[in-house]
Amino acid sequence: MKHSITLLFALISFMGFAQNPLLIPPTLSGENIALTLQPGSFEFFPGTNTSTFGVNGNILGPTLILENGQDVNITVDNQIGETTTIHWHGMHVSAANDGGPHTTIEPGEIWNPQFTVLDKAATYWYHPHLHMKTNDHVLKGIAGLIIVRDAEEAALDLPRTYGVDDIPVVIQTKTFDANKQIVLGTNALDTEVLANATRDAFINVPSQIIRLRILNGSSQRIYNLGLTDNMPFYQIATDGGLLSAPVQLTRLMLSPGERAEILLDLNGMETQSVYLKSYASELPTGFYGAAQVGMNSMMSIPNYNSNPLNGSDFDILQLAVGEPTGGVTTIPSTLVDVTPWNESDVDATRNLLFAPKNFGPSNVVNGPFVINGASFDINVINETIPLNNIEIWELTNQSMIAHPFHIHDVQFYILSRNGVPVPANEQGRKDVVIVPPQFGTVRFITKFEDFADDEVPYMYHCHMLTHEDDGMMGQFTVVGNPTAVSETGEEIFSIYPNPTSNVVTLNGHMPATIELFNTSGQLLEKKEMTGGNGQFDLSGYASGVYYFNVISAESSKAYKVVKN
Ligand code: C2O
Ligand code: CU
Ligand code: CU
């Protein structure tokens, strides 16, 4: 008897069956949500304790299940003994609630964001965002999913029983040292593949339609997802919303920060096993995880070639198919209306160039990388965007490695990559987009709505956390209240005449710094006013809308002026 059990175990491991049940994070919902960031310990390797950080537990965080339109009142209690922040990745919230690098939570402090959930049904996530510490805090274990539900999604016949036919899958890799402790910082020996912090994970699933909500929560690695034997699957959602119809795929490239919801048709597959894999052997050169990043051996990342994951196909999660539970049995034919903004309504176009800070064979793949020539400076606002602007952003990657670009505040629609429209499964709402190496380009369209704040900026950055921490990040403010003060009657500042054809006079509390912007957020002039009236001559500017940003000791406000 003992023999046959040993033999069975040997056989099972020989056949490569996964051994550890997939961890399913608990859920939290409702208006009041209490999160505690805490140190802990977790057995990634049975019998060995690894020091971690977690949210309300030892590793990762609870999945927040939120309804569109509801209010949330969240407390984030920082007990990790280090300053950090928590950012609601992909959600449309005000800059002060966004949890970027400016909104620090000191050790022992509680942060209390409160907001209304304005997002469409999709899978979002939360993670730390302290500048130069984001990677370490995520690697230590702080990350959780946010599932937003809405009426449109509820009307569809989709699997939504959490952990049964609607399964969260957070894919990450980590480097462990000889004592099985997590190695922080940049390290390309991220040889351990984890699904929800579980190595060699399996989950029992019913033989019907199942839904996977996949997050690439890795620091750097890109996955080329696929199933055993090229079994087809159906993508139903991108980062920030459902697609117009399920898109049948056999491969799905997912870069750090990106999410995808997919359906698998497991009808009639009882007793079989399907593996979610990364077919990294098919990743193109320059995409982290491919056999090669640079074009030659000079362009290499330290330790990259010693990592067996690079360029090979590997398993992420085993789906062991069991009895059906009477759930969904068909893939829906259509999903929701997807209506991108119109290019003819664009107010401004911005260009962002990604490049290594210094050009050299090692720098072009290792960085540090800069955006428009600059490293992140927490005291510099890189872009000022008028509220309600519809904009096209054009990204160009002048380096030899692909960068997943992420922007806060908004969801966008990808217009093109390398000059051509993207495939159907990328035509939904996105907040991360992969920009290919070697002068790869991406154009997207978005709108900056609802939230303006002259002081607290939002971030845009590469979501390879090593690149982000190395300074591949910029910040923008959305400037609002674009109404001349004369209309409000409040004597704070007056600007006249408005509309104008040449000279405008600004009158109000001095001293103040006055900046003149166009609708692209380009700074045209800047004057320090010490007393009396300020005057700007607009006769040399084209007709259209301009903004005066008035910064005084008490406040900073933007005023709209029309030049005839
Ligand atoms: Cu997921 Cu600015 O981050
Ligand atoms: Cu974000
Ligand atoms: Cu990058």
Side-chain angles (χ1 to χ4, degrees), residues 61 84-95 97-103 113 119 122-135 137-139 142-146 170 172 186 188 215-222 239-240 254-259 286-289 293 301 352-357 363-371 375-376 378 395-412 429-438 440 442 446 456-476:
T84 192
T85 84
I86 287 290
H87 164 58
W88 319 107
H89 178 128
M91 294 186 76
H92 180 48
V93 299
S94 71
N97 281 318
D98 187 53
H102 295 260
T103 313
D119 309 279
T123 308
Y124 305 84
W125 65 304
Y126 59 95
H127 63 77
H129 213 305
L130 185 68
H131 184 46
M132 300 173 77
K133 282 286 176 189
T134 299
N135 189 31
H137 289 173
V138 173
L139 276 175
I142 306 182
L145 290 180
I146 303 170
V170 180
Q172 295 175 305
T186 310
L215 159 69
N216 181 346
S218 305
S219 303
Q220 311 186 74
R221 185 166 296 278
I222 296 169
D239 299 326
L254 206 67
S255 65
E258 281 186 293
R259 289 86 66 210
F287 289 66
Y288 192 105
V293 276
I301 293 174
L352 272 64
L353 179 69
F354 309 155
K357 191 173 183 181
N363 302 116
V364 296
V365 291
N366 288 293
F369 299 100
V370 290
I371 301 179
S375 285
F376 181 68
I378 201 157
L395 317 173
T396 303
N397 180 2
Q398 202 181 358
S399 76
M400 301 305 264
I401 190 165
H403 300 283
F405 179 82
H406 170 54
I407 181 168
H408 292 208
D409 182 31
V410 297
Q411 292 289 324
F412 55 78
R429 293 161 67 84
K430 294 285 296 167
D431 57 59
V432 179
V433 58
I434 186 110
V435 188
Q438 302 184 45
V442 163
T446 190
V456 187
Y458 292 106
M459 302 295 129
Y460 55 84
H461 56 90
C462 176
H463 220 289
M464 286 174 79
L465 301 180
T466 48
H467 295 179
E468 175 190 337
D469 279 342
D470 278 350
M472 193 178 176
M473 177 156 71
Q475 43 190 359
F476 66 97

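First listed ligand is number 1; within each ligand, the first listed atom is number 1. Position 1 is the first residue of the sequence; numbering continues from there. If you're wondering where the values come from, they're calculated on a predicted model, not measured in any experiment.
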Compute the angle centred on the Cu ion (ligand 3) spanning ND1 of H403 and SG of C462, and express it rounded to 10 degrees.
130°

H467 atom (N/O/S) at minimal separation from the Cu ion (ligand 3)
ND1

Is the F405 ring parallel, tilted or perpendicular to the Y460 ring (thresholds 30°, 60°)?
tilted

Checking D119 side chain against G240 main chain: does a donor-acceptor pair fall under 3.5 Å?
no

Indicate yes or no for a side-chain donor-acceptor contact from S375 to the backbone of V370 under 3.5 Å, with no hydrogens or angles considered.
no

Under 2.8 Å from atom 1 (Cu) of ligand 1 - does any N, O or S atom of H406 fall there?
no

Quick one: the ND1 of H89, atom 1 (Cu) of ligand 1, NE2 of H463 angle, rounded to 10°, please.
100°

Rounded to the nearest 10 degrees, what's the angle NE2 of H87 makes with NE2 of H406 at the Cu ion (ligand 2)? Could you check?
170°

4.5 Å side-chain heavy-atom contact, V433 and P404:
no

Could you confirm whether H463 has any N/O/S atom lying under 2.8 Å from the Cu ion (ligand 3)?
no

Among H406, H408, H89, find the residue that satisfies the ring-ring contact (aromatic ring centres under 6.0 Å, His included) test when tested with H129.
H408

